[in-house]
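Read through the structure below, which is laid out as structure tokens, and then see the notes.
So you know, we letter chains A, B, ... as the sequences are listed, proteins then strands, and number each from 1.
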Number of protein chains: 2
Amino acid sequence: MAGTDQLSAVFSALADPTRRAILVELAEHDATVTELTAPLPISMPAVSRHLKVLERAALISRTRSGKWRGSRLQGAPLRDAADWIDRYRRFWDSSLTRLDAHLAAVQAAERATDRMANDPKVPDNQEL
Amino acid sequence: MAGTDQLSAVFSALADPTRRAILVELAEHDATVTELTAPLPISMPAVSRHLKVLERAALISRTRSGKWRGSRLQGAPLRDAADWIDRYRRFWDSSLTRLDAHLAAVQAAERATDRMANDPKVPDNQEL
DNA sequence: CTTTCATTTAACCAACATGTTAAATGAAAC
DNA sequence: GTTTCATTTAACATGTTGGTTAAATGAAAG
């Protein structure tokens with residue numbers, strides 16, 4: 001899973017298209033394993049294990065009602081993931097372009113001193 | 001990587017704490033492999049491969065300037081990831097609680113007909 | 001040219017992920 | 001109580017990940 005921390009578990013869980021499809025389904029309604037398996041091209045044991053991964057990441061909770069096990073989407077971990085990504089919004093949000101440019105300039109200046117000291121020749125602000 | 005699609009590559013790349021640390025660093029300034037390796041507890045070849053993963057996910061671009069290879073954060077894939085997660089905002093954003101409840105009710109009603117037909121006994125709206 | 005420096009590639013390894021089919025579990029239905 | 005149904009666990013195969021050290025590459029410096 002790469003890391004064992006919560007965020008790693010969540011991103012890792014989201015990295016699989018089958019699991020994302022399951023979450024899409026669960027966003028519409030709670031569902032049993034059989035229901036979740038139906039539209040998928042894999043076996044039920046495989047789905048069962050995907051659900052276990054989602055559960056470990058706390059992306060779903062599970063209920064039991066007789067022979068059926070229901071899965072329900074839990075949003076909290078998604079919020080954590082969204083919060084993490086959001087710190088990089090200035091790298092894609094055009095409305096922040098000006099601010100981004102300004103911050104970059106300030107940071108470049110701040111680093112200038114350090115750089116002069118140990119001369120790491122970083123290709124900073126170089127075009128690709 | 002689980003899937004080979006773009007989103008899977010991005011989430012998979014983000015699933016590793018070392019790679020997230022690298023992105024944190026790159027959010028402040030472009031950096032060489034040596035600079036990125038310095039604060040990390042792993043070897044330079046290991047970092048080099050992490051960078052390759054990030055590059056495959058298009059989360060960074062790379063420049064070359066003499067013997068140095070610079071890495072630069074690219075935000076676009078993060079926006080894609082953020083957009084995907086954002087579709088689930090109603091599952092954690094309390095300001096959408098009312099709407100969420102309403103949508104859930106509507107959807108439950110819509111499904112009711114189908115459910116009656118093949119009786120899948122879903123533990124819908126069940127407490128955990 | 002030879003050496004040095006930054007980085008990548010190669011070869012290897014242990015751990016994990018994802019799928020399969022077959023067997024086990026556990027509650028429901030008969 | 002035996003069978004049936006939903007689900008999980010076991011056992012297995014295969015590919016990927018993430019780390020290592022040692023060798024290769026390629027430009028800079030002497």
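Here His50(A) reaches the OP1 or OP2 of dG19(C): one of its side-chain N or O atoms lies under 4.0 Å away. Taking side-chain N and O atoms only, Arg64(B) has no distance below 4.0 Å to OP1 or OP2 of dT8(C). For the OP1/OP2 pair of dG18(D) and a distance below 4.0 Å, the side-chain nitrogens and oxygens of Arg19(B) include at least one atom meeting the criterion. Contact annotation: Lys52(A) side-chain N/O to dT7(D) OP1/OP2 distance is not under 4.0 Å. In terms of phosphate contacts, Arg56(A) brings no side-chain nitrogen or oxygen within less than 4.0 Å of OP1 or OP2 of dC16(C).
A distance-only check finds no donor-acceptor pair linking the side chain of Arg19(A) to the backbone of Leu14(A) [under 3.5 Å]. No donor-acceptor pair closer than 3.5 Å links the side chain of Glu28(B) to the backbone N or O of Glu25(B).
Rounded to an integer number of Å, the gap from Glu35(A) CD to dA6(D) P is 11 Å. Rounded to an integer number of Å, the gap from CG of Asp16(B) to C1' of dA15(C) is 14 Å. Counting to the nearest Å, the C1' atom of dT8(D) and the CG atom of Leu54(A) are 16 Å from each other. Going from atom CH2 of Trp68(B) over to atom C1' of dA29(D) covers 10 Å, rounded to whole Å. Protein atom CD1 of Ile22(A) is 14 Å distant from nucleotide atom C1' of dT7(D), rounded to whole Å. Rounded to whole Å, the distance from CG on Leu36(A) to P on dT7(D) is 9 Å. One can place CZ of Arg62(A) at 15 Å from P of dA6(D), the figure rounded to the nearest angstrom. Look at CG on Leu51(B): it is 13 Å from C1' on dA6(C), rounded to the nearest Å.
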Next on the checklist: Run Phe11(B) and Asp80(B) through side-chain contact (heavy atoms from CB on, under 4.5 Å) and show every step you take.
Outcome noted: CA-CA 10 Å; Phe11(B) 281 132; Asp80(B) 297 338; over 6 Å; no
task: Mind running salt bridge (charged side-chain N to carboxylate O under 4.0 Å, His left out) on Asp5(B) and Arg20(A) for me, showing each step along the way?
output: CA-CA 12 Å; Asp5(B) 58 295; Arg20(A) 290 201 304 278; 2.7 Å; yes
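Using a 4.0 Å cutoff on non-hydrogen atoms, the parts of residues 42-49 of chain B near DNA chain D are Ile42(B), Ser43(B), Pro45(B), Ala46(B), Arg49(B), ordered by number.
Looking only at side-chain heavy atoms (C-beta outward), Tyr88(B) and Leu73(A) come within less than 4.5 Å of each other.
Map Gly66(A) and Ser12(A) each onto its nearest nucleotide of DNA chain C; the residue landing nearer the 5' end is Ser12(A). Toward the 5' end of DNA chain D, the nearer of the two residues Pro41(B) and Lys67(B), judged by each one's closest nucleotide, is Pro41(B).
Neither side chain, Ser48(B) nor Arg69(B), offers a donor N or O lying under 3.5 Å from an acceptor on the other.
When the side chains of ILVMFWY residues are joined at heavy-atom separations under 4.5 Å, either directly or via intervening members, Leu59(A) and Trp84(A) end up in a single hydrophobic cluster.
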